[in-house]
Visitor: 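Have a look at this one before I ask anything.
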Number of protein chains: 2
Amino acid sequence: MPPRSTRSNPLALAVLTCFLERPMHPYEVAQTLRARAKHESIRLNYGSLYGVVEALEKRQLIRARETVRAGRRPERTIYEITDTGLREMADWLSELLSAPVKEYLQFEAALSLLPALPPDEALAALRQRCATLEIEIALLDGAVAAARAHGMPRLFALESEYVQVLRRAELDYVERLAKDIESGELTGLDQWRSWYAPGGERDADAHSDVPTDPQSC
Amino acid sequence: MPPRSTRSNPLALAVLTCFLERPMHPYEVAQTLRARAKHESIRLNYGSLYGVVEALEKRQLIRARETVRAGRRPERTIYEITDTGLREMADWLSELLSAPVKEYLQFEAALSLLPALPPDEALAALRQRCATLEIEIALLDGAVAAARAHGMPRLFALESEYVQVLRRAELDYVERLAKDIESGELTGLDQWRSWYAPGGERDADAHSDVPTDPQSC
DNA sequence: CTACGATTACTCGTCAAGGAGTATTTGGAG
DNA sequence: CTCCAAATACTCCTTGACGAGTAATCGTAG
């Protein structure tokens, strides 16, 4: 089992699955992934692509098969997957599917810094997010429906379904949160308001009195 | 409004909110963030921290206030936030809260490559994920309950609530998906099975016949 | 009082991501 | 037939993340 560091970039996995179908040159890999809309779920750009292919070759997961050239264009090296590559692919994909990993989400960061904004500004921002989320969800719904209508089996749109589910859950949560701030039900709201009150004691956001690490409990 | 590139690293935002409380030296920033468990929601390590602080100073969002030294230890430079920094912080945080951004999730990538695994292996991996998710959710539940019991206001644990909500939604989805694969309800399952059947026609994963870009519809 | 492990406070080098740039070729309009 | 725009197939260079390494100091146990 190779070190985790080599499994950091999911693009490498996507590349392996392409080579599983048939040998290709890197640019064709990119075309294939784009055509199947994989770039919506996996970060893809040329700079990374060629680097990733090189790394895969160094690790012997793929091997150069032949180098062809049409006219005076740059050479295109065609790669194929090795047996090691096949095993690594199945292993890696299995792991990605079975083991949830911690992701650092932007909105998670924003929530954790929420008290650095005055309550009313925070509330306005959250309401704005709800509105945007509703639109986004509607658009995604439409796209999924259209794809289905055109005969695309569900199996090939699982990732959109998943993203959709997450977005819906987020909308739900943010709506509840906004309500709890407005209604005053959120515990800690009084402290928060007082930091930004006209005669607010101490500096804004100085929640030094807050219990520190929840994990320490 | 500064270019988006400068707003890429949420650690910079977290650093700004620290300086909002009071002037500090970078290491103290790290201590503060760690003490408040921000490193659970924001990527934090020393290499990045000092780089981020430098960048903030170059952008005039913070300024060096004084340089003290205790004994022959390395100097500690104490920074304070500027007025520009104050505005940038509020702006940035508002934006993070109000505008959902596309994140590239590992599991999203895995789902989009699911057909590269034989159906039974994929199913096993998904079931494994469900089991792990259940444990994780239970643990998070416990931590949140404990924090609340020790008097930590909800306002300071919003990010855990959010992550929790997402995990629950994910568990729900994966359970449904696993059921639909097992019951044969998932459309496309027949194709998928045939690629890996003993006399499977063509190469595994050659879903070249699949409609390409759902966005194109 | 001294030795050594833990903590403090940072530095540096590596390595990867990402995107702007480049050279070639094909397709089509005039 | 010629010229321009778009597509092809990369290359390169700048940022920036990351963590191993380091030097100084503090605590404390023998």
Side-chain angles (χ1 to χ4, degrees), chain A residues 2-15 18 23-35 39-59 64 66-79 101-104 106 109, chain B residues 2-15 18 23-35 39 41-59 64 66-79 101-104 106 109 213:
Chain A
R4 159 148 257 83
S5 74
T6 64
R7 285 194 177 168
S8 66
N9 190 352
L11 176 58
L13 179 58
V15 167
C18 283
M24 296 186 192
H25 54 94
Y27 193 81
E28 196 182 354
V29 170
Q31 306 295 27
T32 307
L33 293 177
R34 283 243 148 84
H39 63 284
E40 311 246 312
S41 37
I42 299 168
R43 225 164 225 127
L44 167 60
N45 59 51
Y46 297 117
S48 315
L49 178 65
Y50 288 93
V52 156
V53 167
E54 254 173 65
L56 287 176
E57 192 184 13
K58 205 174 302 164
R59 286 177 59 203
E66 54 179 332
T67 310
V68 302
R69 95 154 46 202
R72 276 207 294 139
R73 280 206 192 171
E75 292 180 337
R76 295 175 310 176
T77 303
I78 296 181
Y79 294 91
V101 296
K102 207 259 171 291
E103 317 247 15
Y104 290 83
Q106 306 250 55
Chain B
R4 158 148 255 85
S5 73
T6 64
R7 284 193 177 170
S8 65
N9 191 351
L11 177 57
L13 180 57
V15 168
C18 284
M24 295 184 191
H25 54 94
Y27 194 81
E28 195 182 353
V29 170
Q31 305 294 29
T32 308
L33 293 177
R34 283 243 147 84
H39 62 286
S41 37
I42 298 166
R43 222 164 228 128
L44 168 59
N45 60 48
Y46 296 118
S48 314
L49 179 65
Y50 289 92
V52 155
V53 167
E54 255 173 64
L56 287 176
E57 192 183 13
K58 206 175 301 166
R59 287 176 58 204
E66 54 178 332
T67 311
V68 302
R69 97 155 41 203
R72 273 205 297 139
R73 278 207 195 168
E75 293 181 338
R76 294 174 309 176
T77 303
I78 296 180
Y79 294 90
V101 296
K102 207 256 171 294
E103 318 246 15
Y104 290 84
Q106 305 251 56
D213 186 356

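The sequence lines fix the lettering, A, B, ..., with proteins before strands; numbering per chain opens at 1.
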Visitor: At what angle, to 10 degrees, do the two end axes of the helix from dC1(C)-dG30(D) to dG30(C)-dC1(D) meet, given five pairs define each axis?
Guide: 0°

Visitor: Expressed in angstrom and rounded to an integer, what is the separation of Leu44(B) atom CG from dC18(D) atom P?
Guide: 10 Å

Visitor: List the residues meeting salt bridge (Lys or Arg N to Asp or Glu O under 4.0 Å) with Glu103(A), not counting sequence neighbours, and say none if there are none.
Guide: none

Visitor: Return the minimal non-hydrogen interatomic distance between Val15(A) and Val52(A), and the atom names on each side.
Guide: CG2-CG1, 4.3 Å

Visitor: Measure from CG on Asn9(B) to P on dA17(C) and round the result to the nearest Å.
Guide: 16 Å

Visitor: Of Glu28(B) and Gly47(B), whose closest DNA chain C nucleotide lies nearer the 5' terminus?
Guide: Glu28(B)

Visitor: For Asn45(A) and dC13(D), what is the distance between atoms CG and P respectively, to the nearest whole Å?
Guide: 17 Å

Visitor: When rounded to the nearest 0.5 angstrom, what is the spacing between CG in Leu33(B) and CD in Glu28(B)?
Guide: 10.5 Å

Visitor: Of all heavy-atom pairs between Ala30(A) and Leu49(A), which one has the smallest distance, and what is that distance?
Guide: CB-CD2, 3.8 Å

Visitor: For DNA chain D, find the residues of residues 48-57 of chain A with a heavy-atom distance under 4.0 Å and give them by number; none if there aren't any.
Guide: Tyr50(A)

Visitor: Mind calculating the distance between CZ (Arg34(A)) and P (dT8(D)) to the nearest angstrom?
Guide: 11 Å

Visitor: List in chain and number order the residues that pass side-chain hydrogen bond (donor to acceptor under 3.5 Å, both in side chains) with Ser48(A), two or more places apart in sequence or in another chain; answer none if no residue qualifies.
Guide: Asn45(A)

Visitor: Roughly, in whole Å, what's the span from OH in Tyr27(B) to C1' in dT25(D)?
Guide: 12 Å

Visitor: Who are the side-chain hydrogen bond (donor to acceptor under 3.5 Å, both in side chains) partners of Glu66(B), not counting sequence neighbours?
Guide: none

Visitor: Residues in salt bridge (Lys or Arg N to Asp or Glu O under 4.0 Å) with Lys58(A), at least two apart?
Guide: none

